[in-house]
Structure formats: structure tokens, C-alpha cells
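Remarks on the structure that follows.
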Amino acid sequence: MSIKNSLTRRQALLLSSAGAAGLALGGLPDWARSAPSPATALPIPKLIEARNGEPVTLALQKSSHRFGVGRAVPSTGISSSYLGPVVRMRSGDTIPFRVENRLDEETTLHWHGLLIPSDVDGGPHNTIKPGGVWTPELKINQPAATHWFHPHPHGNTAKQVYGGLAGMMIVSDGGDRERGLPETYGVDDIPLVLQDKRFRRNGELVYQPAMMDLMHGFQGDTLIVNGAIAPVASVPAGFVRLRLLNAANARNFDLRFSDRRPFFVVGGDAGLLPEPVEVRDLVIAPAERYEVLVNFSDGRPVELVTGPDIHHGMGPGMMMMMPMGPARGSRGTETFMRFVPDPALKAGVTRMPRQLTTLAAPDIKSAVEWRTFVLDPMMGMGPGMMAMGTAGAGGTANDAGHDHAAAAQMMGINGRAFDMHRVDVTTRRGTSEIWEIQSATMAHPFHMHGVSFRILSNNGRPPVPAQSGWKDVVLVEDLAEILVRFDHPASAKMPFMYHCHILEHEDHGMMGQFAVA
């Protein structure tokens with residue numbers, strides 16, 4: 001499907017207004033503020049309609065990309081200059097993929113959220129060497145939802161994802177029209193890949209984490225959407241479906257609209273909710289996805305903004321042990337992008353849908369095991385680690401990023417750092433378990449491969465309605481309990497992962513492996 005990205009005459013006039021110009025300038029990093037230009041139209045990733053039995057090729061490659069004003073700078077992308085296409089698949093189909101590694105380093109491609117066997121999951125055991133090709137065949141059999149794909153190489157995930165290797169996947173069951181949900185891709189069904197970056201003065205991406213960045217997770221000072229700084233989207237004057245993906249390395253986004261209008265969550269990580277849930281704020285952790293409906297029928301332009309990341313950073317006791325670094329969690333409200341309703345675009349949905357799906361209560365009695373997992377970011381902390389300091393203000397996304405060999409074992413789960421050759425948990429296929437996840441020092445987004453789960457409690461309370469459906473990421477601030485269903489095989493030689501999705505934490509040991517026999 002071809003999507004027209006050029007500006008209409010009406011939109012161009014709107015973008016030339018003082019308000020739109022202010023957005024474009026306010027969203028730029030320091031190196032670009034002296035050279036304002038017309039706002040960028042929201043880039044819409046190419047849509048690949050995957051069809052049963054027809055191969056889909058994805059190439060991980062070096063490129064150059066223009067994030068805002070100024071020149072194109074070095075980047076990486078997946079069959080693109082930055083990020084990747086949106087791959088839409090139909091539940092029930094089998095899709096053969098051809099994944100080409102055109103990089104000069106090893107990589108993998110993990111299908112985050114797909115319920116498939118571990119041997120095609122794309123975790124750190126599915127390595128693709130430089131110049132190599134991986135050809136997994138994926139049998140899609142799961143509810144309609146928004147997922148994504150990204151590299152997952154052992155110890156190098158953070159740098160590769162930060163550099164631009166990520167893309168969105170959509171599983172469809174063909175029922176959106178009957179449900180009353182918007183479904184015209186790029187018009188009223190819009191993918192939004194949300195990230196934060198640091199830039200050099202010449203406009204190049206910076207990824208060279210200091211020790212504080214490793215401990216807290218690497219955060220940027222500039223927001224981008226679909227690879228663009230402060231873009232503007234032209235939308236119909238009706239209900240629009242936004243597929244939100246937090247593809248940042250570490251930052252939690254507290255999303256809201258600048259006029260505080262309500263919006264409605266219709267789906268989470270792994271499926272639709274029974275009915276729309278009205279919210280005015282929505283915290284989305286790294287790797288989480290939400291599908292939301294926004295009503296633009298009033299015709300008023302509005303900005304999508306984020307509040308400060310109040311979940312970022314460690315408690316006071318841990319902070320006293322660490323050298324001080326930039327307070328990246330203390331910023332005020334920041335703007336992601338602007339929406340401008342365009343009456344020339346047909347509004348396909350003008351009424352709020354009601355019933356979306358049916359969802360039974362979690363069957364706690366089905367659990368055959370209770371396990372506890374303690375996320376420990378300070379496990380290997382010692383004098384040698386303390387001396388590593390906060391150097392590292394330079395570097396680009398294509399640099400090695402850091403030289404912290406001693407840091408590889410500094411984090412862990414249940415007192416043990418990740419080991420590629422150790423299986424930490426073995427479960428039985430067709431069973432359910434309750435996993436208790438504990439985090440005493442900071443909030444961690446906990447993710448599991450190859451499964452979906454229901455949140456039973458978080459911080460001693462039941463999940464909020466927007467998080468009551470099937471999930472594969474939970475933001476653990478203190479203690480969370482989840483009910484996990486194991487339906488897909490994973491051998492001891494090719495296990496599934498569970499880990500913190502702050503990518504620097506994952507790379508430095510906060511990950512474990514489970515087999516499903």
C-alpha cells in the first residue's frame with residue numbers, strides 16, 4: 001500500500017502558523033535550534049502486507065538518515081535508512097522470513113510479542129554473522145495485537161537498537177471493521193515509534209554510556225517519533241487509532257495531550273481489551289505497546305506530550321554509592337509531535353466502539369508453580385566498578401558504545417548474572433505459573449519471550465483497567481505478580497529469555513533463560 005506523505009495545501013498553511021513553528025523549534029536539539037525550518041510531516045513506515053507462504057525480506061544495514069534540519073547522519077535501519085517497515089500479518093498464516101545481516105557485526109532479530117517456538121524467536125542464540133542470512137518460518141496463531149522486532153545479540157542489544165534497528169509488527173484477525181475500530185493504515189490507523197536520543201553538535205547520534213547510564217539506562221534529551229524530531233501528522237476529523245510503541249532504551253514516557261483531552265486505550269501488548277478504557281495520562285514503559293483511540297472531531301490541532309519520567313533512577317541509598325551524572329529524569333513536559341485535523345481526509349470512524357473482545361478473569365487456580373525473581377542492578381558493585389566514572393560524553397551510535405568489560409556481570413536476577421550456557425527455569429508446556437517479580441531499588445520493565453501473561457497485582461494493587469488484558473511487559477516498581485501461560489516449546493539448547501527491558505540492564509546481566517519441555 002502506498003501512503004502519500006506530501007503536505008496538502010491546507011496542512012502546509014497550518015504548519016506555517018506561529019504555533020506549528022514553535023513546536024518545530026521547541027522539539028529540536030541544541031545543534032539545530034539556530035536553524036528553524038518548516039515542520040516535518042510525520043514519516044509513515046512502509047507497510048508490508050505479509051501473505052501466507054510468501055517470503056518477507058528484512059535487511060539490517062548501515063545507512064544515513066535525516067532526523068530534522070541539517071544533513072543526513074550515519075544511522076542503521078531495517079530495509080530503511082532508520083527503523084524498519086511495518087509488517088502486517090494475518091493470524092493463521094505461515095510467513096517465511098529472510099533476514100539479511102549487512103552489518104559488520106553479529107546480530108539477531110527477535111520477534112517481540114510473537115507466540116512462537118524458541119528456535120525461531122530471534123533471541124541471543126539465533127545469531128546471524130556479518131553477511132549471513134537467517135530464514136525462520138513463523139506460524140502466526142494468536143490474537144490481534146501490535147508487536148515489534150529488534151536485535152537481541154548477547155551484550156550488544158542496546159547499541160544496535162539505539163542506532164535504529166527496530167520495526168513494528170501487526171497481527172490482524174480481520175475483525176476490526178466489525179468492532180468499529182479504525183483500520184486505514186497511515187490515515188486513521190497510525191504507527192508511532194517513540195524514542196529519545198542524544199545528538200552531537202554536528203547532528204550525529206551519540207551512544208557512549210557512562211557508568212550512570214549503565215546503572216539507570218541510557219536516556220536522551222531529544223524526543224523522536226518514527227525517526228523524526230517534532231513531526232506533524234495530518235489526521236481525519238474523527239476517531240484515529242494510534243499504535244504506540246516505546247522503543248527507547250530506558251525511558252518511561254508519561255503520555256498525554258497538551259489540551260488534556262481524554263483518549264481511550266483499546267489494546268495492550270498482547271491483545272485487545274474488552275472495551276475502551278478512558279484515560280488522560282498513560283505511562284508506557286520500554287518495549288510496551290498500547291493501541292489508543294483519539295477523537296479529533298473538534299478540528300483543533302493538539303500536541304502529544306510526555307511528562308517527566310518519575311520511574312527513572314535508583315533510590316537514595318543506591319545513589320549515594322554512585323558518582324553523580326546528569327539528572328535525565330527531572331525534565332518537565334516535552335513535546336513529541338503535533339496533530340492537525342484535516343477535513344479533506346475522510347473520517348472512517350465517528351463513534352466510539354463498545355464491545356471489542358471477551359476476556360475471562362485470570363484463572364489463578366490453574367497455576368502449578370510459584371516462583372520469585374529479584375531484579376538486582378547492584379550485584380557486582382565494587383571498588384573497580386566505582387572507578388569507572390562518568391566519562392563518555394562523545395561517540396556515535398556506531399561506536400562500540402562503552403568499554404566496560406567489568407560491567408558484564410554487575411547486574412543479575414536472583415543473585416546471578418546472565419549465562420548463555422545456563423538454563424535458570426524449566427517449565428512444562430500447557431501449564432501456568434505465578435511469577436513474583438521484585439525490584440527494591442528502581443522500576444524495571446520486565447519482559448518474557450514466547451509467552452503472554454496477566455498481571456495479578458502490582459505494588460500490592462490490582463492492575464489498572466488499561467493493563468488488565470494480556471501482556472508481555474510489566475513495569476515493576478516494587479513487587480508484581482503475574483500469571484504466565486506456557487504454550488510454546490523451548491529446548492535447553494535454545495531457551496527463551498526473561499529480562500529487564502532497560503537495554504543496558506539486559507546487556508549487563510539482568511536476564512535469565514527458561515526452557516519449556
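The residues of the chain are indexed from 1 along the displayed sequence.
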Pairs where residues 130-142 contributes a residue and the test side-chain hydrogen bond (donor to acceptor under 3.5 Å, both in side chains) is met, not counting sequence neighbours: Q142-H147

Can you tell if the side chain of P143 reaches within under 4.5 Å of the side chain of V171, non-hydrogen atoms only? no

Do we see a donor-acceptor contact under 3.5 Å between the side chains of T146 and R243? yes

Aromatic ring pairing H150/H110, orientation class (parallel under 30°, perpendicular over 60°, tilted between): perpendicular

Between D507 (side chain) and T157 (backbone), is there a donor-acceptor pair under 3.5 Å? yes

Under the side-chain hydrogen bond (donor to acceptor under 3.5 Å, both in side chains) definition, can you give me all pairs with a residue in residues 488-500, not counting sequence neighbours? H152-H499, H449-H499, H499-E506

For D196 and Q219, indicate whether the former's side chain and the latter's backbone hold a donor-acceptor pair under 3.5 Å. no

For the pair N126 (side chain) and L109 (backbone), establish whether a donor and an acceptor sit closer than 3.5 Å, ignoring hydrogens and angles. no

For N414 and V374, indicate whether the former's side chain and the latter's backbone hold a donor-acceptor pair under 3.5 Å. yes

Polar contact flag, side-chain donor to acceptor under 3.5 angstrom, T427-E433: no

For R422, does the CZ atom have more than 12 heavy-atom neighbours from other residues, nucleotides or ligands under 6.0 Å away? yes

When you compare the side chains of N459 and D478, does any donor N or O come within less than 3.5 Å of an acceptor on the partner? no

Just to verify, what does D93 make a salt bridge (charged side-chain N to carboxylate O under 4.0 Å, His left out) with, not counting sequence neighbours? none

